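All values below were derived from every heavy atom in this structure, side-chain atoms included, with hydrogens, water molecules and symmetry-related copies excluded. Predicted, not measured: the structure shown is a model, and the values here were computed from it.
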Amino acid sequence: MTVPNSLLSMNGNMLVAVDIETTGLQAGYHEIVQISVVPLDSDLQPCKRAFYVNIRPEHPDRADSRAAKVHGLDMDWLLTNGLDKWKAADMLEEWVSGLDLPFSKRLAPLSHNFPFEKGFLMAWLGKETYDALFFIHYRDTMALGAMCNDLASFWGKNIPFGELSLSKMCSKFGIVNERSHDALQDALCGAQLYRCLIESLGG
């Protein structure tokens, strides 16, 4: 059986799992140092080659040491091996073009706490390029987890998620992330989590 390239609800836009690693928490001041974008088919499985790059920060002096401890990316290595952010942006646009989306269709992002990701993506790409690449309607596993908690609470049931972090929610479904805080692995785990959440809500 051939699996369609996207969910019918996407209306021709392509659902993609997105994850970033950054030099800190403040978009516009801190920077993206790693990004992954993974296309998903209608079965919510990866269906095409992912976009996955490391980016050289322009302001390493602004980096928060706590962020480095989380993602484990060495600053010296990034400064030597990371892509220039404008080169990385050009590569992202070329990659999206290679997806051969229908005319005027864009990437529909799926992430864990997408408002955080969006702030950094817009600071990197600029609003015009961001809007050209990404559809306005996004999916968010953190928000969906909070909704599941509200739904359970409303009906007097035990809430399913005591914590809404990606790792804690994934562990609830037995999803193993062997390289937590690597953008590609987190994006793949986020896609698995989204599928599990949808299945848990019933067909």
Side-chain angles (χ1 to χ4, degrees), residues 3-7 9-10 13-25 27 30 32-55 67 70-73 88 92 95-96 99 101 106-122 124-125 130 133-151 159-202:
V3 178
N5 285 335
S6 189
L7 294 166
S9 56
M10 292 292 106
N13 298 289
M14 176 171 277
L15 186 65
V16 292
V18 179
D19 191 77
I20 61 172
E21 298 301 327
T22 69
T23 59
L25 299 178
H30 296 120
I32 295 174
V33 290
Q34 190 179 75
I35 178 172
S36 183
V37 185
V38 181
L40 304 174
D41 62 22
S42 61
D43 199 36
L44 302 178
Q45 301 291 344
C47 62
K48 293 180 182 289
R49 177 179 60 87
F51 180 81
Y52 176 48
V53 298
N54 296 299
I55 301 175
V70 170
H71 55 61
L73 293 167
L92 176 61
W95 178 82
V96 173
L99 296 175
L101 298 178
R106 292 166 285 171
L107 307 177
L110 159 66
S111 191
H112 196 77
N113 190 16
F114 185 70
F116 174 83
E117 323 272 310
K118 181 179 178 180
F120 280 90
L121 290 170
M122 290 191 73
W124 168 40
L125 299 170
Y130 174 87
L133 297 179
F134 292 97
F135 188 49
I136 188 172
H137 296 151
Y138 62 86
R139 277 69 176 167
D140 191 321
T141 48
M142 179 180 282
L144 185 52
M147 188 212 74
C148 289
N149 282 347
D150 291 347
L151 186 64
I159 61 172
F161 306 110
E163 295 183 34
L164 293 174
S165 68
L166 178 63
S167 61
K168 291 295 186 182
M169 289 184 66
C170 280
S171 67
K172 187 79 174 181
F173 294 103
I175 299 169
V176 178
N177 187 347
E178 295 181 352
R179 286 194 293 154
S180 182
H181 296 293
D182 170 85
L184 178 58
Q185 293 306 308
D186 280 0
L188 291 170
C189 285
Q192 291 182 62
L193 175 60
Y194 189 57
R195 194 178 195 280
C196 289
L197 287 166
I198 286 179
E199 287 177 339
S200 72
L201 291 171

S.K.: In Å and rounded to the nearest 0.5 Å, what is the CE to SG distance from M169 to C148?
M.R.: 6.5 Å
S.K.: Do the side chains of F51 and V16 get nearer than 4.5 Å, heavy atoms only?
M.R.: no
S.K.: Could you list the residues that satisfy side-chain hydrogen bond (donor to acceptor under 3.5 Å, both in side chains) with T141, not counting sequence neighbours?
M.R.: H112
S.K.: In Å, rounded to the nearest 0.5 Å, how long is the span from CG of L121 to CG of L133?
M.R.: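 L121 atom CG to L133 atom CG measures 9.5 Å (nearest 0.5 Å).
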S.K.: Please tabulate, for side-chain N and O atoms in residues 181-193, each donor-acceptor pair with protein atoms closer than 3.5 Å (sequence neighbours left out).
M.R.:
| residue | atom | partner | partner atom | Å |
| --- | --- | --- | --- | --- |
| D182 | OD1 | Y52 | OH | 2.4 |
| D182 | OD2 | Y52 | OH | 3.3 |
| D182 | OD2 | L184 | N | 3.1 |
| D182 | OD2 | Q185 | N | 3.0 |
| D186 | OD1 | N177 | ND2 | 2.7 |
| D186 | OD1 | H181 | N | 3.1 |
| D186 | OD2 | H181 | N | 3.1 |

S.K.: List the steps and the verdict of side-chain contact (heavy atoms from CB on, under 4.5 Å) for V38 and D19.
M.R.: CA-CA 9 Å; V38 181; D19 191 77; over 6 Å; no
S.K.: Would you give the length of the straight line joining atom CZ of R106 to atom CE of M10, rounded to the nearest 0.5 angstrom?
M.R.: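 Here the interatomic distance stands at 12.5 Å.
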S.K.: Taking all heavy atoms of K172 and all of F161, pick out the closest pair and write down the distance.
M.R.: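 Between these two residues, the closest heavy atoms are CG-CE2, 3.8 Å.
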S.K.: Which atom names give the shortest non-hydrogen contact between Y130 and K118, and what distance separates them?
M.R.: OH-CG, 3.6 Å
S.K.: Is a donor on one side and an acceptor on the other found under 3.5 Å between the side chain of S111 and the backbone of V18?
M.R.: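 A pair under 3.5 Å: yes.
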S.K.: Taking side-chain contact (heavy atoms from CB on, under 4.5 Å) as the definition, give me every residue that meets it alongside L25, ordered by chain and number, with sequence neighbours left out.
M.R.: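 Scan of L25 (side-chain contact (heavy atoms from CB on, under 4.5 Å), adjacent residues dropped) gives F116.
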S.K.: For the residue pair A50 and S36, what are the closest heavy atoms and their distance?
M.R.: CB-OG, 4.4 Å
S.K.: Could you check if a side-chain atom of L44 sits within less than 4.5 angstrom of a side-chain atom of L110, using non-hydrogen atoms only?
M.R.: no
S.K.: State the CG-CG distance between L151 and L201, to the nearest 0.5 angstrom.
M.R.: 7.0 Å
S.K.: Nearest 0.5 Å please: distance from the CD1 atom of I32 over to the CD1 atom of I20.
M.R.: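 Between I32 CD1 and I20 CD1, I get 4.5 Å after rounding to 0.5 Å.
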S.K.: With sequence neighbours left out, write down each residue that passes side-chain hydrogen bond (donor to acceptor under 3.5 Å, both in side chains) with S167, or none if nothing qualifies.
M.R.: S165
S.K.: Is the shortest heavy-atom distance from the side chain of H30 to the side chain of F120 under 4.5 Å?
M.R.: yes
S.K.: Taking all heavy atoms of H137 and all of A108, pick out the closest pair and write down the distance.
M.R.: O-CB, 4.0 Å
S.K.: So, does K48 use its side chain to make a donor-acceptor pair with the main chain of L99 at under 3.5 Å?
M.R.: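 Answer holds: no.
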S.K.: Is there a side-chain contact between S180 and L166 (heavy atoms, below 4.5 Å)?
M.R.: no
S.K.: Please list, chain by chain and in numerical order, all residues satisfying side-chain hydrogen bond (donor to acceptor under 3.5 Å, both in side chains) with Q34, sequence neighbours excluded.
M.R.: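 For Q34, the residues satisfying side-chain hydrogen bond (donor to acceptor under 3.5 Å, both in side chains) (neighbours in sequence not counted) are N54.
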S.K.: Which residues satisfy the ring-ring contact (aromatic ring centres under 6.0 Å, His included) test with Y138, sequence neighbours excluded?
M.R.: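 For Y138 the ring-ring contact (aromatic ring centres under 6.0 Å, His included) partners, ignoring immediate neighbours, are F114.
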S.K.: Looking at residues at least two apart in the chain, or sitting in another chain, which of them share a side-chain hydrogen bond (donor to acceptor under 3.5 Å, both in side chains) with S171?
M.R.: none
S.K.: If you measure from CG on L144 to OG on S200, what distance do you get to the nearest 0.5 Å?
M.R.: 7.5 Å
S.K.: If we only count heavy atoms from C-beta on, is the P46 to L40 side-chain gap below 4.5 Å?
M.R.: yes
S.K.: List the residues meeting side-chain contact (heavy atoms from CB on, under 4.5 Å) with R49, not counting sequence neighbours, and say none if there are none.
M.R.: W95
S.K.: Under the side-chain contact (heavy atoms from CB on, under 4.5 Å) test, which residues partner A88, sequence neighbours left out?
M.R.: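 V53, I55, L83, W124.
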S.K.: Do you know the tightest heavy-atom contact between L164 and G145?
M.R.: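 Between these two residues, the closest heavy atoms are CD2-C, 3.8 Å.
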S.K.: Is the closest side-chain heavy-atom distance between L107 and L101 below 4.5 Å?
M.R.: yes
